[in-house]
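Here the structure is a predicted model, which means the values were calculated and not measured. Remember, it's 1-based here, ligands and their atoms both numbered in the order they're listed.
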Amino acid sequence: MYSNTDLDKDNLYKGVLNPVISLKGVGKVITKELQKRGVQTVYDLLYIIPRSYQDRRKFIPVQTIKSGESALIRGTIKEIRRLRLRYRSVLEMLVGNEYTIISAKWIGAARYLYSFKKGDTIILYGRFRTSPKKVLETYHPEIIEDGNKYEIGRVSPVYPEIGGISQRRIRRIMMDAINQFIPNLEDPLPAMIRKAQLLPELGEAIKEAHFPLKSRLEDLHIRRSPAQRRLIFDEFFMLQLALALKRSKTSRQRGIAFEIPDIHELYSFLPFKLTGSQERVIHEIITDMSRSFPMNRLLQGDVGCGKTAVAFMAAWVAVRNGYQVAFMAPTQLLAEQHYLSTLEFTQNMNLRVALLTSGMNYFADEVRDGVKKGTIDILIGTHALIQESVKFARLGLVIIDEQHRFGVAQRAILRQKGTRPDVLTMTATPIPRTLGLTLYGDLDISIIDELPPGRKPIKTKLFHERDRSKVYQILREEIVKGRQAYIVYPLIEESGKMDLKDATNMAGKIRDIFPDFHIALIHGRMPLDQREEIMRKFKEGLIDILVSTTVIEVGINIINATIMIIENAERFGLSQIHQLRGRVGRSAYPSKCLLLSSYRNSASAKKRLGIIEKTTDGFRISEEDLVIRGPGEFLGEKQSGFYQFRVAKIMIDAEILSEARKEAFQLVEHDPEIALRTFRLFRQMFTGSHGGKAEFVSAV
Ligand code: ADP
Ligand code: MG
């Protein structure tokens with residue numbers, strides 16, 4: 001029922017994929033500027049869409065213009081004056097008709113302006129304002145020659161800045177490219193989807209997005225003309241199609257259909273009552289485990305919300321069914337922590353749990369042996385789990401903590417130690433739902449959005465640099481009470497050296513200020529064993545203040561640490577701060593997070609940090625971050641290149657994203673073949689920038 005027109009025509013995009021230099025009016029200089037923006041092909045170029053539009057459909061009589069409005073006017077030059085304004089020369093033209101006169105000013109005016117004479121007719125487009133002298137004035141209006149059909153009598157596009165190329169020139173190039181190539185362009189989107197979504201055809205959409213003829217101006221301004229929607233839709237659609245295809249591949253496979261045991265039996269063993277959220281997600285997970293295709297689920301939840309307990313329950317289900325479980329964490333310390341919690345949970349149960357890390361020599365062979373024979377039910381560990389020597393008798397469930405810390409390949413190796421086991425990954429990085437759909441669109445997601453009862457919320461307070469001594473005072477009081485503290489420095493990756501110096505200096509300074517306390521420094525360049533040694537000492541209470549870069553582990557549970565100072569807080573993303581502060585506030589002791597900042601970028605930094613002062617909801621914070629800093633914040637370097645959509649904006653266009661997702665998943669379900677071909681067509685088209693870069697795209 002779905003179909004593409006002419007699917008097999010492999011020259012579908014002929015011409016559009018030519019390099020931009022082939023275009024009329026595009027020489028070496030412009031090509032270079034375009035390349036800087038990632039534009040290689042004509043198609044890429046056409047995806048630089050206007051950032052705004054100017055209504056130049058008709059001339060506005062000057063007497064009707066209101067302050068604050070933009071307008072195209074035609075008038076007679078009544079006077080030309082040269083003025084000086086703060087040592088700069090200004091050219092002023094008084095332009096008007098028999099009713100009114102407006103003032104047009106150019107500061108440091110270009111030479112050609114001086115060729116105009118009193119009495120000439122001139123056409124201007126500009127934004128007008130009432131001056132203090134009650135005259136309508138406009139600065140640097142565009143002068144348009146009469147009869148220019150690109151510039152007059154239409155809604156005119158305004159493009160993003162491209163290396164100083166004039167708007168007029170870009171418009172010309174775009175117009176030529178559109179006239180030349182759009183007629184040959186075929187639409188890869190199945191017509192049925194296009195119609196269901198009330199979208200124009202691709203060529204029509206491109207043309208109309210650049211040079212609108214039918215779109216309503218109000219729609220254009222909010223990026224919701226049918227043409228704009230189409231272009232946004234396409235980008236999301238291609239991504240969702242990739243995700244849907246990938247998911248269908250895993251769901252077509254046969255996995256293990258676990259039987260669901262009576263979960264209440266397990267509840268009686270747990271040392272606490274589950275939160276409502278925990279109950280809900282464990283239900284989701286177990287239901288998923290009982291299905292006959294492999295589970296691929298992400299468990300998301302703020303630091304300390306109790307993911308480990310949930311993971312353990314899933315593990316119990318697998319073991320009850322006679323399968324083994326592999327539970328991998330990114331560091332030795334975290335692995336040990338999970339091991340200890342699991343031992344606690346399993347105290348009165350007949351379960352065999354073991355730990356395997358690379359730092360461990362004595363029992364490693366024994367553990368590996370038990371895993372191979374099937375006498376160990378749950379194996380917890382670090383990367384050591386993916387070593388070749390680790391073989392499972394019957395691996396049924398893989399759990400990966402802080403999943404983003406592992407590469408795709410590493411995760412795959414672990415999975416392959418079983419026969420299509422279920423996979424549960426976990427992360428404490430809250431991802432806004434919209435972004436989650438693009439990042440983890442091929443996973444099912446379970447969310448814990450509630451903390452166990454009895455936690456005291458962390459009090460967060462922003463201090464200006466000049467109040468540093470107050471911050472130290474608060475720190476001292478806390479340590480005198482027997483608590484411990486973190487002082488964190490931002491880690492800016494490119495300048496690792498600098499930070500190290502900062503953190504090292506700071507450690508020295510802190511030692512001078514608090515000579516009576518035990519102070520240690522920890523940073524990412526230390527060998528892992530040294531780092532773990534320090535963390536262990538901190539956990540044992542032998543260190544009062546830990547000065548660190550951002551290496552301190554996300555999941556680390558040191559309940560006696562109740563105060564954190566974050567230096568240069570303005571250099572962190574909000575989500576990052578939120579994660580960091582999650583390391584305190586892990587007990588019934590009241591905890592504090594003090595942010596130090598000189599708010600150099602004053603207002604905005606202060607406002608941003610104000611958000612983190614007020615809310616402790618990780619999802620809300622991540623939404624804010626997404627709005628303020630864009631999706632890069634959430635993505636590793638490797639991925640960030642891919643998700644720079646050219647037209648779509650994840651936050652603003654979320655509703656189009658949902659539609660695209662719905663259509664893509666439906667298409668894959670109803671007609672996988674057409675789905676795959678459609679995806680390939682889109683990918684071809686996007687080769688210039690999108691194509692091939694993303695891991696999952698190549699996986700399809
Ligand atoms: P996460 O892995 O999500 O950061 P953990 O699973 O490490 O969180 O849990 C943090 C702490 O809260 C642990 O000490 C755990 O025993 C405890 N905990 C988990 N769930 C509950 C609950 N429902 N009630 C009380 N304490 C809980
Ligand atoms: Mg954890």
Side-chain angles (χ1 to χ4, degrees), residues 263-264 266-285 297-316 325 327-349 353 355 378 380-382 399-406 424-431 445-458 486 535 539 552-562 564 575-589 591 593 616-619 621-622:
I263 198 84
H264 292 95
L266 175 61
Y267 285 0
S268 64
F269 284 105
L270 291 176
F272 40 68
K273 190 174 170 322
L274 294 180
T275 61
S277 268
Q278 281 173 317
E279 278 196 39
R280 179 174 41 76
V281 301
I282 190 62
H283 182 75
E284 288 167 5
I285 292 168
R297 185 170 285 272
L298 175 70
L299 175 57
Q300 218 180 311
D302 240 341
V303 192
C305 69
K307 291 186 292 297
T308 311
V310 168
F312 166 71
M313 293 168 74
W316 179 78
V325 178
F327 189 162
M328 182 162 74
T331 67
Q332 177 144 354
L333 218 58
L334 277 173
E336 281 173 13
Q337 192 173 292
H338 289 314
Y339 177 64
L340 293 175
S341 327
T342 307
L343 284 185
E344 198 189 316
F345 294 138
T346 52
Q347 255 174 38
N348 304 312
M349 295 172 141
V353 185
L355 178 71
I378 303 179
I380 300 173
T382 54
I399 301 171
I400 301 176
D401 193 18
E402 300 302 331
Q403 55 95 25
H404 56 279
R405 302 271 302 267
F406 296 96
L424 179 67
T425 49
M426 307 203 282
T427 179
T429 311
I431 300 277
I445 299 184
S446 287
I447 294 173
I448 303 183
D449 49 11
E450 169 181 15
L451 289 179
R455 299 273 175 82
K456 292 249 164 55
I458 304 160
Y486 296 101
M535 285 312 288
K539 197 165 186 169
I552 34 175
E553 295 309 335
V554 175
I556 231 55
N557 201 16
I558 298 178
I559 59 176
N560 193 46
T562 55
M564 172 173 287
S575 297
Q576 217 184 347
I577 293 182
H578 180 64
Q579 290 255 309
L580 284 168
R581 75 177 167 185
R583 281 145 229 200
V584 296
R586 300 204 133 231
S587 64
Y589 297 126
S591 289
C593 175
T616 52
D617 176 347
F619 282 94
I621 290 167
S622 67

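- Nearest approach of Arg280 to Ile447, heavy atoms of both residues: NH2-O, 3.1 Å.
- Between atom 7 (O) of ligand 1 and the options Leu270, Thr308, Ile559, the minimum heavy-atom separation is to Thr308.
- With Thr425 contributing its side chain and Leu299 its backbone, the two residues share no donor-acceptor pair below 3.5 Å.
- Residue contacts with ligand 1, taken as heavy atom pairs separated by less than 4.0 Å, involve Leu274 solely via the backbone atoms N, CA, C and O.
- For ligand 1, the polar-atom distance check against Lys273 finds a nitrogen or oxygen pair separated by under 3.5 Å.
- Between the Gln278 side chain and the Gly306 main chain, a donor and an acceptor come within less than 3.5 Å of each other.
- Under a 4.0 angstrom heavy-atom cut-off, Arg586 registers as being in contact with ligand 1.
- Every heavy atom of Ala428 sits 4.0 Å or more from the atoms of ligand 1.
- Here Tyr339 pairs with nothing under the ring pair (Phe, Tyr, Trp, His ring centres under 6.0 Å) rule; sequence neighbours left out.
- Nearest approach of His578 to Thr616, heavy atoms of both residues: CE1-O, 3.3 Å.
- Each of the following atoms of ligand 1 lies closer than 4.0 Å to a heavy atom of Gln278: 19 (C), 20 (N), 22 (C), 23 (N).
- Counting heavy atoms under 4.0 Å from ligand 1, residue Met426 does not touch it at all.
- Some N or O of Lys307 is nearer than 3.5 Å to an N or O of ligand 1, by distance alone.
- The shortest N or O to N or O distance between Phe345 and ligand 1 is not under 3.5 Å.
- Considering all non-hydrogen atoms of both residues, Ala314 and Leu424 come closest at CB-CD2, 4.4 Å.
- Across Thr342, Leu340, Ile380, Leu343, a single residue satisfies side-chain contact (heavy atoms from CB on, under 4.5 Å) together with Leu355, and that is Ile380.
- Here the closest non-hydrogen pair linking Ile448 and Ser277 is CG2-CB, 3.6 Å.
- Checking only distances, Phe272 never comes within under 3.5 Å of ligand 1, N or O to N or O.
- The closest approach between Cys305 and ligand 1 falls below 4.0 Å for a heavy atom of the residue.
- Annotation for ligand 1: atoms under 4.0 Å from non-hydrogen atoms of Thr275 are 23 (N).
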